[in-house]
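A short worksheet on the structure shown next.
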Amino acid sequence: MAEKSEVKLDQAQVKRAVQALQAFLKTKATSDLLSLNDTQHFSLLFTLWKIPKAAQSIRIPLPHGQRPDTEEICLFTRDEPKMTSEQTQRFYKKLLEERGVKNISEIIPYKVLKTEYKPFEAKRRLLGNFDLFLSDDRVRRLLPSHIGKHFYERKKEPLSVNLQSKNLARDIGRVIQGTNLKVTNKGCCCMARVAHAGMTTDEVTENIEAAVQTVVAKLRMKGPVIKLIHLKSQTSVALPIYTSALSDLSVLGTAKEKGTPTKKQAKKSKKESKKSPDTTAKGKKGLKKKKKAKEEEEEEIPQLVPIETPSKKPKLEKPPKKKKLQKAPRPAVVKKGTKAQSKLTNKAAKTESKMKRKGTKVK
């Protein structure tokens, strides 16, 4: 792969774009609806030649502050041992005053963030009250589970700061007045805030040049990286500042042709290399198999003779039907008048049978 190509901006083109945006914003600005110094800011839109393989966050220091002094900044700190939340707030306020930091408007310890800002409405209120959030680097990894997803959706996630550094004012000033560029591996476009509308054209152009140089130096990509650069505001059209030369396209084409083989191709080549010895013996066996297959095809196939089927199907013998059992006749109904006669006949029969038995015993 080729080395990184340099990006040379045309200062005249950049100044014309900045002046055009400033004139556009002045026409749109009114005393009631819009304030140039506070709300409008300029951003750089980078279009890359390729989608990056991995995501990356680039911190860009700027020569001129891209945030106005009226912005509200919040700082999340850790809980100092053997101190309450109020005592930790006082401790860090004194520390910042001694080091000369005056931009931070409120300090929130980690314990207060967990307890007071646990409800969803409190988190939304906190998000709307401040423009920028900073955090102590000792607590930064614990914040995502407490601040919620809305901080990341609006791109207001806290920026880490080392509160134990000797040059604390310089470090915090670079973080506040600098900017960040988030390069994702899901697309080839990324944007970074560079200036606000209250700055002069020279200050904006210097910030743009510094941002482009740092982005080109810190991007983890080889070969031609940046394809297009545009400058835009929140309500304007993107104005082109830089377009790459056609030679970059030819370099990319040659790099693809001479590129390393893919993983699938490498696996296939390894398998073929393993199978390469004994190719002569396998070739002879393959020829023999082909000859046998041809001979089998040339053999005559015997004709199939149809089997004669009987025209009439034999009748199946039906099993004999079981005879149904005849029902016993119902006894005749005896009338009421005949009951006494039937009893007398029964008694006479019994007496006769007894007399016969006695007569047989006497004999």
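Owing to the predicted nature of the structure, the values given are computational and were not obtained by experimental measurement.
- Both Leu127 and Leu142 are part of a single hydrophobic cluster, where members link through side-chain heavy atoms under 4.5 Å apart.
- In this structure the side chain of Phe120 reaches within 4.5 angstrom of the side chain of His150, judged on heavy atoms.
- Ring pair His146/Tyr110: centre-to-centre distance below 6.0 Å.
- Formation of a donor-acceptor pair under 3.5 Å by the Glu203 side chain with backbone atoms of Gly65 is not found in this model.
- Applying the ring pair (Phe, Tyr, Trp, His ring centres under 6.0 Å) test to Phe151 and every residue at least two apart in sequence or in another chain returns Phe133.
- Linking Ile, Leu, Val, Met, Phe, Trp and Tyr whenever their side-chain heavy atoms come within less than 4.5 Å puts Ile104 and Tyr92 in one cluster.
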Pair Gln40-His196, side chain to side chain donor-acceptor pair (under 3.5 Å): steps then yes or no:
CA-CA 6 Å; Gln40 292 292 318; His196 60 85; over 6 Å; no
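- Electrostatic pairing of Arg78 and Glu80 counts as a salt bridge here, judged by a charged N lying under 4.0 Å from a carboxylate O.
- Using modelled atom types, no side-chain atom of Asn185 and backbone atom of Pro52 make a donor-acceptor pair closer than 3.5 Å.
- A donor atom on one side chain and an acceptor atom on the other are found under 3.5 Å apart for Glu209 and Gln11.
- Arg16 CZ to Ile241 CD1: the interatomic distance, rounded to the nearest 0.5 Å, is 11.5 Å.
- With hydrogens and angles ignored, the 3.5 Å screen pairs a side-chain donor or acceptor of Lys156 with a backbone N or O of Phe130.
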Evaluate the side chain to side chain contact (heavy atoms under 4.5 Å, CB included) criterion for residues Met191 and Lys232: first the C-alpha distance (whole Å), next the side-chain angles of each, then the deciding distance (0.1 Å), finally the verdict.
CA-CA 10 Å; Met191 189 182 293; Lys232 71 183 295 293; 4.1 Å; yes
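- Cluster annotation: Leu181 and Phe42 are assigned to the same hydrophobic cluster (Ile/Leu/Val/Met/Phe/Trp/Tyr, side-chain heavy-atom contacts under 4.5 Å, transitive).
- With contacts defined as side-chain heavy-atom distances shorter than 4.5 Å, the pair Leu113/Ile147 qualifies.
- Side-chain heavy atoms closer than 4.5 Å link hydrophobic residues (I, L, V, M, F, W, Y) into clusters, and following such links, possibly through other members, connects Val18 to Leu239.
- Gln213 places no side-chain N or O within donor-acceptor distance of the main-chain N or O of Ala210, the cut-off being under 3.5 Å.
- Annotation: side chain of Thr235 is in contact with side chain of Leu25 (closest heavy-atom distance under 4.5 Å).
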Does Lys15 form a side chain to side chain contact (heavy atoms under 4.5 Å, CB included) with Asp202? I'd like the steps, not just the answer.
CA-CA 8 Å; Lys15 282 185 179 181; Asp202 293 331; 3.8 Å; yes
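- In this structure, Asp10 CG and Thr243 OG1 are separated by 10.0 Å, a value rounded to the nearest 0.5 Å.
- Here CZ of Arg90 is found 9.5 Å from OG of Ser85. Values are rounded to the nearest 0.5 Å.
- Remark: side-chain polar atoms of Asn207 are not paired, donor with acceptor, to backbone N or O of Leu62 under 3.5 angstrom.
- Using a 4.0 Å cut-off between charged nitrogen and carboxylate oxygen, Glu71 and Arg193 count as a salt-bridge pair.
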Evaluate the side chain to side chain donor-acceptor pair (under 3.5 Å) criterion for residues Ser165 and Asp171: first the C-alpha distance (whole Å), next the side-chain angles of each, then the deciding distance (0.1 Å), finally the verdict.
CA-CA 8 Å; Ser165 68; Asp171 295 342; 3.0 Å; yes
Run the numbers on Glu97 and Lys102 for side chain to side chain contact (heavy atoms under 4.5 Å, CB included), then give the verdict.
CA-CA 7 Å; Glu97 287 176 359; Lys102 299 177 181 179; over 6 Å; no
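- The local environment of CD in Glu153 is crowded, with over 12 non-hydrogen atoms from other residues, nucleotides or ligands closer than 6.0 Å.
- Checking side-chain atoms of Gln13 against main-chain N and O of Pro240 turns up a donor-acceptor pair under 3.5 Å.
- Note: Thr179 OG1 to Leu159 CG = 9.5 Å, rounded to the nearest 0.5 Å.
- Side-chain N or O atoms of Arg59 include none that pairs as donor or acceptor with a backbone N or O of Val175 at under 3.5 Å.
- The shortest side-chain heavy-atom distance between Cys188 and Lys50 does not fall under the 4.5 Å cut-off.
- Using modelled atom types, no side-chain atom of Arg99 and backbone atom of Asn167 make a donor-acceptor pair closer than 3.5 Å.
- Side-chain contact between Leu44 and Leu231: present, with at least one pair of heavy atoms (C-beta onward) separated by less than 4.5 Å.
- Checked by atom type and distance alone, the side chain of Gln66 pairs as donor or acceptor with a backbone atom of Gly178 at under 3.5 Å.
- Leu9 places a side-chain heavy atom less than 4.5 Å from the side chain of Ile208.
- Lys227 NZ: 12 or fewer foreign heavy atoms inside a 6.0 Å radius.
- Taking SG from Cys190 and CD1 from Ile58, the interatomic distance works out to 7.5 Å, rounded to the nearest 0.5 Å.
- Atom NE2 in His230 sits 13.5 Å away from atom OG in Ser43 (nearest 0.5 Å).
- A 4.5 Å side-chain heavy-atom check between Ile229 and Val7 finds at least one atom pair inside the cut-off.
- For the pair Leu219 and Leu48, the minimum side-chain heavy-atom distance is below 4.5 Å.
- The hydrophobic cluster containing Val139 does not contain Ile172, counting ILVMFWY residues as joined when their side-chain heavy atoms lie under 4.5 angstrom apart, directly or transitively.
- Under the 3.5 Å distance criterion, the side-chain polar atoms of Ser105 are matched with a main-chain donor or acceptor of Ile73.
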